[in-house]
**Student:** 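I have a structure here, written as structure tokens, and I will follow up with some questions on it.
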2 protein chains.
Amino acid sequence: MAGNTPDFPDRLRAAGLRPTRQRVALARVLFEGGHRHVTAESLHAEVKATRMPVSLATVYNSLNQFRDAGLLREVVVAPGRSYFDTNTGHHHHFFVENDGELHDFPSEKVTIAGLPTPPKGTRLSRVDVIVRVRR
Amino acid sequence: MAGNTPDFPDRLRAAGLRPTRQRVALARVLFEGGHRHVTAESLHAEVKATRMPVSLATVYNSLNQFRDAGLLREVVVAPGRSYFDTNTGHHHHFFVENDGELHDFPSEKVTIAGLPTPPKGTRLSRVDVIVRVRR
DNA sequence: CAAGAAGATTAGAACTATTCTAATCCTTGC
DNA sequence: GCAAGGATTAGAATAGTTCTAATCTTCTTG
């Protein structure tokens, strides 16, 4: 975390995205601390708090672009509730149904055996495991 | 499947729901064949084709009530894409990302080991496994 | 470093999925 | 058969997300 100076413009360029003011500001909020789960609304509020003008449409555009570029992973937990996760490595999620909280847990110790092979003509894209809990 | 005559009014009563015309018609479409995956829209279209007048609002209400009563299970695969599954037993899903198709697969052979214990103050509700594939 | 082209951003409209509202209707218990 | 309360309805309302067309930035080239 310390040790690699994160040059956000360069990271965006490396992902094939122009480092515009808005995208750099969004990347800073998303990636400069530890891993995070955000929604479009929550990220919009955070970035606006840094006094960088950004529209909600741009937040949606950027989140989709970041996801397509592999910088983020999208997690859908409930109808109309989509989170973007800065942790793109292998891991799974706890979802607390009452309050909508999402937590990572590492996949290291988790093993899934006996999954069937994908239907003919398809290739595996990802396996999502969501452990739903209730208070 | 054959062998138990499905008395839909009784099944609804057993679930704590009044057997109204609409709910009986919906239950018939949902439960009289094999297991199914429906959306509110697709179910609405199907039931209207049986010449029973039903509003979309009632389809949503009924799906939510059936789910709350344990007659259906809801599977959220993508933002704004929610399926209701008549198979409420233990099983997992294939989701074909290109065309939005959802398929069951039995959980018998699938074993998941090493899941962490739920956070303090929560109890396990369910574990969802979605295998995402692409054409 | 100026200029033009390509791409990005914006406000607001539009869209999709779902829920709400208030009036009417149906099912149930007596 | 008749109230009484639950269910249904059309349509309005809401939430989340995408689209549109005009404006503004960034990048490339000279």
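Convention: sequence-line order gives letters A, B, ...; per-chain numbering from 1.
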**Student:** Would the Phe94(A) and Phe105(A) ring centres measure less than 6.0 Å apart?
**Tutor:** yes
**Student:** Is Arg126(A) salt-bridged to Glu97(B), going by a charged N under 4.0 Å from an acidic O?
**Tutor:** no
**Student:** Expressed in angstrom and rounded to an integer, what is the separation of Glu74(B) atom CD from dT19(C) atom C1'?
**Tutor:** 13 Å
**Student:** Students often get this wrong, so: under 4.0 angstrom with heavy atoms, is Pro53(A) touching a base, only sugar-phosphate, or nothing?
**Tutor:** sugar-phosphate
**Student:** Report the nucleotide, chosen from dT8(D), dT28(C), dA11(C), that has the shortest atom-to-atom distance to any side-chain atom of Ala57(A).
**Tutor:** dA11(C)
**Student:** Using only heavy-atom distances, determine whether the side chains of Ser82(B) and Glu74(B) contain a donor-acceptor pair under 3.5 Å.
**Tutor:** yes
**Student:** Nearest heavy atom decides the nucleotide; on that basis, is Arg13(B) or Gly80(B) closer to the 5' end of DNA chain C?
**Tutor:** Gly80(B)
**Student:** Please state how far atom CD in Gln65(A) lies from atom C1' in dC19(D), giving the value in whole angstrom units.
**Tutor:** 14 Å
**Student:** Looking at every strand, decide which applies to Pro19(A) at a 4.0 Å heavy-atom threshold: base, sugar-phosphate, or nothing.
**Tutor:** sugar-phosphate
**Student:** Does the ring center of His91(B) lie less than 6.0 Å from the ring center of His93(B)?
**Tutor:** yes
**Student:** Looking at Asn61(A), does any N or O in its side chain come under 4.0 Å of the phosphate oxygens OP1/OP2 on dT18(D)?
**Tutor:** no
**Student:** Answer yes when Arg67(B) and Asp85(B) have at least one side-chain N-carboxylate O distance shorter than 4.0 Å, and no when they do not.
**Tutor:** no
**Student:** Grab the CG-P distance between Asn64(A) and dG16(D) for me, whole Å please.
**Tutor:** 16 Å
**Student:** Return whichever of Val54(B) or Phe84(A) has its heavy-atom-nearest nucleotide of DNA chain D closer to the 5' end.
**Tutor:** Val54(B)
**Student:** Between Thr39(A) and dG16(D), is there a side-chain N or O to OP1/OP2 distance below 4.0 Å?
**Tutor:** no
**Student:** Just the rounded figure in Å: distance from P of dA8(C) to CG of Asp68(A).
**Tutor:** 13 Å
**Student:** Between dA8(C) and Arg23(A), is there an OP1 or OP2 to side-chain N/O distance shorter than 4.0 Å?
**Tutor:** yes
**Student:** Distance check needed: dG5(D) C1' versus Leu17(B) CG, whole Å only.
**Tutor:** 16 Å
**Student:** Within the pair Tyr60(B) and dT19(C), is there a side-chain N or O less than 4.0 Å away from OP1 or OP2?
**Tutor:** no
**Student:** Determine whether the aromatic ring centres of residues His37(B) and His35(B) are separated by less than 6.0 angstrom.
**Tutor:** no
**Student:** Using a strict 4.0 Å threshold on nitrogen-to-oxygen distance, state whether Arg13(B) and Asp7(B) make a salt bridge.
**Tutor:** no
**Student:** Would you say Arg18(A) places a side-chain N or O within less than 4.0 Å of OP1 or OP2 belonging to dA6(C)?
**Tutor:** no
**Student:** Using only side-chain N and O atoms of Arg21(A), determine if any of them is under 4.0 Å from OP1 or OP2 of dA8(C).
**Tutor:** no
**Student:** To the nearest Å, give me how far apart CG (Leu43(A)) and C1' (dT17(D)) are.
**Tutor:** 15 Å
**Student:** From OH of Tyr83(A) over to C1' of dT17(D), roughly how many Å is that when rounded to an integer?
**Tutor:** 16 Å
**Student:** Verify the contact: side-chain N or O of Thr20(A) to OP1 or OP2 of dA8(C), cut-off strictly under 4.0 Å; return yes or no.
**Tutor:** no
**Student:** When you check the phosphate oxygens OP1 and OP2 of dT9(D), does a side-chain N or O of Gln22(B) lie under 4.0 Å from one of them?
**Tutor:** yes
**Student:** Using atom NE2 of His44(B) as one end and atom C1' of dT19(C) as the other, report the distance to the nearest whole Å.
**Tutor:** 15 Å
**Student:** Taking only N/O atoms, report every protein-nucleotides 28-30 of chain D pair under 3.5 Å with atom names and distance.
**Tutor:**
none

**Student:** Is Arg28(A) salt-bridged to Glu46(A), going by a charged N under 4.0 Å from an acidic O?
**Tutor:** no
